[in-house]
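Below is one structure, written out as structure tokens, with a few remarks after it.
We use all heavy atoms of the structure for the numbers below, so side chains are in, but hydrogens, waters and symmetry mates are not. What you are looking at is a predicted structure, and each value in this text was computed from that prediction instead of being measured. Naming: A, B, ... by sequence-line order, numbering from 1 per chain.
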Amino acid sequence: MQELAKAYEPTKYEDDIYKTWEESGLFDPDKLKAKGKPFVISMPPPNATGILHLGHAAALAYEDLMVRFHRLKGDKALWVPGTDHAAIATQTKVEKILAIEGTDRKKLGREKFLGRVKEYVASSQGTIRKQTRKMGSSCDWSRERYTFDDGLSKAVNQAFVKMYDDGLIERDYRIVNWCPRCASTLADDEVEHKEQDAKLYYIKYGPFVVATTRPETKLADTGVAVHPSDRRYKKYVGQELDIDLAGHKIKVKVIADKEIDKRFGSGVVGVTPAHSTTDYELAQRHDLEIIKLIDESGHIMKTGGKYKGKNVLQARREFVADLEKAGQIEKIDSIKNNLSICYRCDTPIEPLTSEQWFVRVNKKIPSRGKSLKELAINAVKGGDIEILPKRFDKTYYHWMENLHDWCISRQIWWGHRIPVWYTEDGEVIVAPNETEANKKAGNKKLTQDKDTLDTWFSSSLWTFSTLGWPIQNKIGLDKDLVKIVESGEKTKTYRLADKGYSIGETIVVENTQTKKNFGYIKITNIQKIKFKDVDPKQKGHEEYKDKDDFKKTFKKYYPDKDITDNTDLWAYDFVYSKKSDLDLFHPSSVMETGYDILFFWVARMIMMTEYVLETKPFDTVYLHGMIRDKDGKKMSKSLGNGIDPIKMSEKFGTDALRLSLIIGSAPGADMRLYEDKIAGYRNFVNKLWNISRFIFTSADNVKRVKKQPRAKTLADKWILSEFNETIKEISEDLEKFHFSEAGTKLYHFTWDDLADWYLEISKIEKDKEEILLYILERLLVLCHPFIPFVTEVIWEQFGEKELMMVKEWPKAGKVDKDVITNFTELKELVVSLRNLKAENKIPPTEFPDCNLDSKILDKKYLELAAKMARVNLTDKKVNVKPIAINSSKVFIDLTKELSDKEKQDLEKYIKNTEAKLANEKFVSNAPPQVIEDTKKRLAEAKNKVNGQ
RNA sequence: GGGUGUAUAGCUCAGUUGGUUAGAGCGCUACAUUGACAUUGUAGAGGUCCCCGGUUCAAAUCCAGGUACACCCACCA
């Protein structure tokens with residue numbers, strides 16, 4: 001045993017202690033002696049994009065608390081750590097780094113770019129792992145998972161194929177949320193809304209006035225909508241009108257729809273199906289033509305006439321100026337509206353039409369007779385899964401019931417590739433891997449994606465012509481060709497179709513200089529043409545006589561170049577590769593995460609696990625709140641109010657940080673955190689340290705005390721009763737997820753009961769070594785899940801081999817209520833005496849004469865009280881009016897009497913209570929115990945006033 | 001527009017199924033310092049439990065209405 005320092009210095013011990021734990025192998029449940037049932041948490045994987053923030057630290061604290069509690073209880077505790085490849089987030093980050101280096105992903109090409117991402121992820125994963133350890137997390141690193149490792153990729157692909165086969169996934173041409181910055185689609189729940197000031201333009205629009213905040217989209221209107229009961233416009237409904245907008249001609253059909261608000265704006269809506277979700281729906285109902293106006297980079301396409309090539313804002317300015325010149329702007333109002341922005345980069349979302357993969361949530365699963373949505377709702381409704389706090393049930397149902405099909409393909413490179421291959425004659429092959437795809441395709445060779453659009457554009461500056469139809473446009477980074485290829489643009493598509501090409505047909509492209517064929521264009525859809533090529537500069541490229549020759553020689557299969565942003569299989573994947581783990585540890589016990597993730601992820605995990613495994617993913621969802629700053633503001637980099645958990649851990653110790661995150665937090669409720677609070681718990685940790693130090697230094701022999709020692713005095717009985725009560729309550733609280741309450745009770749027992757009272761008494765009564773050691777050892781166990789480091793360090797002083805981490809959770813012994821009552825009398829007597837001294841300005845060092853008398857306390861306890869209160873106990877009754885304390889009386893040589901306020905309060909209380917007791921209804925209705933207590937308290941109050 | 005939550009001491013928050021004279025931490029005031037700990041101890045001051053009704057013998061707690069704030073969902077032409 002070594003001498004303990006005066007104050008606990010966390011940084012001196014924490015890293016070593018963590019190492020000891022980790023090397024013991026006991027984070028792995030297979031190595032535990034435990035016979036209990038499994039308790040499993042899979043860590044919601046933090047993004048592999050950077051550093052741990054307070055939200056993660058809080059999550060880790062709650063999860064570790066549960067896991068350590070169950071491990072101590074003897075359960076087979078498993079906590080699986082992991083990281084998330086976070087497709088869009090990670091790609092965005094790396095792209096930012098590339099931008100600084102003056103390059104971009106297209107210049108690098110797919111392979112090199114992915115290499116860079118992997119490099120980046122590896123280094124940030126290292127950071128995350130280090131910081132997770134710093135928080136003391138007792139997770140099983142041997143089972144660590146990554147959302148992008150082989151197991152999960154396999155799971156994602158298999159799930160994709162299964163869903164495709166069940167008709168739950170389909171490729172379709174629909175309106176999607178498009179982020180021009182990320183150049184990718186987004187799911188509905190990845191779109192955020194921000195209120196902003198906007199202008200509402202009233203545009204003269206044929207016989208109407210149309211109000212809009214986005215005038216430029218009017219260039220692609222194909223309809224104009226009014227309310228069916230709007231008499232002003234009834235006569236136009238059904239007509240097709242030619243509208244002139246500052247010289248730009250459009251053709252619109254007038255439709256009537258109940259969705260239109262007669263009172264908003266002019267009551268007339270220009271319908272732009274390709275660039276507004278609601279307009280798209282209107283177009284579906286009324287069969288309107290869809291004209292795409294804005295391309296994927298946020299620029300106006302050819303359909304925008306003279307505004308072609310302009311970005312959206314520029315086009316708006318010019319178009320409005322032109323309308324003004326033409327006298328077509330009636331007025332401009334200022335309004336507030338919600339702008340849709342990308343959750344990752346805050347770029348305004350551009351809704352546009354595109355061909356993508358969608359999950360169909362309402363489609364019945366053939367073998368189950370239920371839809372994905374129904375599976376997810378039933379799992380919670382049937383009570384299989386419990387959500388804490390309960391009220392989030394409602395939010396869950398509401399969200400689920402309103403869930404609609406969501407787009408799962410993302411046009412980024414970092415992520416799970418969509419397991420789909422296409423042949424050039426329009427065949428679609430969906431298979432879990434290339435080998436399988438090959439089989440399905442009749443063992444034709446699958447190409448990698450050398451021949452994607454991206455590669456092609458970066459290759460050259462040739463002029464092309466197709467057989468039979470010359471294309472005059474240049475290629476390279478030329479946007480014109482994008483338009484041809486990515487389609488949706490009206491003129492080109494129709495011209496192609498008019499030329500007699502049909503869907504699935506391939507057009508071979510030739511080099512106009514050498515007249516040799518070196519590529520082909522494929523028409524996959526009347527609105528979409530896919531372009532593939534073979535780069536003539538690349539080794540091994542082929543040249544073909546004509547398209548038939550091409551097809552004969554190179555029937556190739558092309559992988560889908562998109563990825564799916566789908567890690568919803570996390571819940572069970574962590575055990576996916578090990579069948580025995582799946583049997584033993586699935587479903588997991590608790591999914592602990594922030595309430596902001598309920599929809600994003602928790603709901604989808606429930607849906608997918610129910611679908612794929614036909615089981616629930618977990619028993620309980622524990623939702624913690626958000627951590628805010630002292631003023632209740634969200635912590636963010638831009639506000640500079642963020643608290644770095646690692647810095648706090650270094651300054652105050654991880655234990656202090658953990659306690660400050662646990663105490664004062666309730667599930668689903670936000671919590672404020674600030675340095676003073678952490679400092680407060682640092683003080684507590686230090687208090688526990690010094691309590692231990694005192695016990696060790698005052699003990700003759702530091703040893704483990706196996707059985708509860710015999711209590712010799714009232715104080716002994718009292719502290720053991722309190723301790724047993726504490727064990728019982730904390731065990732119950734932890735089972736019921738009442739973490740904050742449990743922490744508060746430990747804090748109170750340790751500091752108030754043990755340190756302030758019992759330790760002080762032990763200095764007077766002596767001979768308490770066994771009881772103190774007995775309590776300390778078990779108190780450390782109780783505290784361990786909250787503050788693992790300091791408890792383990794103190795435990796080392798007992799010189800045992802076994803780690804604190806795997807000790808036995810104490811069982812509560814007997815609680816003697818009478819003892820607690822009697823001891824409370826003693827405490828109040830002491831407090832009153834101290835109070836009297838303080839009020840009368842008697843210095844603590846002086847010992848005024850005092851005579852004590854009590855109905856329930858023996859003389860030796862009155863002596864104890866006198867010592868603690870620092871008064872001189874005499875036999876003679878001091879000649880003053882006695883002061884009553886419950887069942888005791890104090891005769892003390894002081895002038896002090898009750899203050900006026902005290903007297904008034906007491907008299908008021910007496911009056912009220914007497915009235916209460918006189919009330920017949922109270923006496924007849926209230927339980928006898930309540931009446932008795934009331935009477936007792938009344939008597940005590942009267943004693944105090946009268947000094948009897 | 002729909003939903004959820006919060007409102008208790010100067011600040012941050014507890015307050016279980018209604019039943020002590022409503023609690024804690026921080027801060028504040030006064031005092032204390034030689035041995036566990038100043039990251040301390042002792043004591044004190046500090047409250048219209050948001051407002052208004054109702055239920056009840058009894059309401060911070062339950063119900064209805066209102067106010068303020070926060071968040072979520074939808075819409076925003």
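Across all strands, K262(A) comes closer than 4.0 Å to no nucleic acid atom at all (heavy-atom distances). K936(A) comes within contact range of no nucleotide atom at all, as no heavy-atom separation falls under 4.0 Å. Using a 4.0 Å heavy-atom cutoff across all strands shown, V685(A) reaches no nucleic acid atom at all. At a threshold of 4.0 angstrom between heavy atoms, the contacts of N338(A) include nucleobase atoms, whether or not backbone atoms are also involved. Contacts of S740(A) with the nucleic acid, taken as non-hydrogen atoms under 4.0 Å apart, are absent. Contacts of A198(A) with the nucleic acid, taken as non-hydrogen atoms under 4.0 Å apart, are absent. Contacts of I335(A) with the nucleic acid, taken as non-hydrogen atoms under 4.0 Å apart, are absent. Nucleic acid contact class of L200(A) (heavy atoms, under 4.0 Å, all strands): sugar-phosphate only.
Across all strands shown, G46(B) forms no Watson-Crick or G-U wobble pair with both key distances under 3.5 Å. Pairing for C69(B) is with G5(B), a Watson-Crick or G-U wobble pair whose two hydrogen-bonding atom distances lie under 3.5 Å. Checking U61(B) for Watson-Crick or G-U wobble geometry (two distances, each under 3.5 Å) identifies no partner in any strand. Pair check for C31(B) finds G41(B); Watson-Crick or G-U wobble, both atom distances under 3.5 Å. For U56(B), there is no paired nucleotide, since no Watson-Crick or G-U wobble pair has both relevant distances below 3.5 Å. The partner of A24(B) is U12(B), by the rule that a Watson-Crick or G-U pair needs both atom distances under 3.5 Å.
In this structure, CE of M868(A) is placed 11 Å from C1' of U42(B), rounded to the nearest angstrom. The CG atom of D629(A) sits 16 Å away from the P atom of C11(B) (whole-angstrom rounding). Between the OH atom of Y595(A) and the P atom of A70(B) there is a distance of 13 Å, rounded to whole Å. If you measure from atom CD of E281(A) to atom C1' of C76(B), you get 14 Å, rounded to the nearest angstrom. L4(A) has its CG atom 12 Å from the P atom of C37(B), to the nearest Å. What separates CD of E192(A) from C1' of C73(B) is a distance of 13 Å, to the nearest Å. Atom pair R672(A):CZ and C69(B):C1' shows a separation of 10 Å (rounding to whole Å applied). C37(B) atom P lies 10 Å from atom CG of N686(A), rounded to whole Å.
Nucleotides A64(B) and A24(B) are separated by 33 Å at their C1' atoms, to the nearest Å. Separation of the P atoms belonging to A7(B) and U21(B) is 23 Å when rounded to the nearest angstrom. Between the P atoms of A9(B) and U61(B), the separation comes to 15 Å (whole Å). For the P atoms, the distance linking U39(B) with A22(B) amounts to 35 Å, nearest Å. As rounded to the nearest Å, A60(B) and U6(B) have C1' atoms that lie 14 Å from one another. Spacing between G15(B) and C76(B) at atom C1', rounded to whole Å, works out to 43 Å. Comparing the C1' positions of C26(B) and C72(B) gives a spacing of 32 Å, expressed to the nearest Å.
The distance between the ring centers of F786(A) and F739(A) does not fall below 6.0 angstrom.
Between Y8(A) and the options F789(A), Y681(A), Y13(A), F684(A), a ring pair (Phe, Tyr, Trp, His ring centres under 6.0 Å) holds for only Y13(A).
Legend: residues meeting side chain to side chain donor-acceptor pair (under 3.5 Å) with N338(A), ordered by chain and number and at least two apart, are absent. Residues satisfying the side chain to side chain donor-acceptor pair (under 3.5 Å) criterion with Y747(A), sequence neighbours excluded, are absent altogether. Under the side chain to side chain donor-acceptor pair (under 3.5 Å) criterion, K194(A) pairs with no residue at all, not counting sequence neighbours.
For C37(B), its base sits under 3.5 Å from the side chain of K687(A) at one donor and acceptor pair at least.
For residues 919-931 of chain A, the set of pairs meeting the side-chain hydrogen bond (donor to acceptor under 3.5 Å, both in side chains) definition, not counting sequence neighbours, comprises Q929(A)-D933(A).
At A43(B), one or more side-chain N or O atoms of R834(A) fall inside 4.0 Å of OP1 or OP2 (strictly under the cut-off).
Between the W689(A) side chain and the A5(A) main chain, a donor and an acceptor come within less than 3.5 Å of each other. Under a 3.5 Å cut-off, the side chain of K745(A) and the backbone N or O of I730(A) do not form any donor-acceptor pair.
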**Contact pattern, 5' to 3', of nucleotides 1-10 of chain B - B, S or - by protein heavy atom under 4.0 Å** = ---SS-----
**Prompt:** Where along nucleotides 16-30 of chain B does protein come under 4.0 Å, by heavy atom, of base (B) or sugar-phosphate alone (S), with - for untouched nucleotides?
**Reply:** ---BBB---S-----
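A salt bridge links R628(A) with D670(A); the closest basic N to acidic carboxylate O contact falls under 4.0 Å. Using a 4.0 Å cut-off between charged side-chain N and carboxylate O, K935(A) and E940(A) make no salt bridge. Ion pairing of K768(A) with E765(A) is present here, as a side-chain N (NZ or NE/NH1/NH2) and a carboxylate O approach within less than 4.0 Å.
The side chain of T278(A) lies closest to C76(B), out of G44(B), C76(B), U39(B).
H286(A) has its side chain within reach of D257(A): a pair of non-hydrogen atoms, C-beta onward, lies under 4.5 Å apart.
Two residues, D756(A) and K677(A), neighbour RNA chain B, and the one matched to the more 5' nucleotide by heavy-atom proximity is K677(A).
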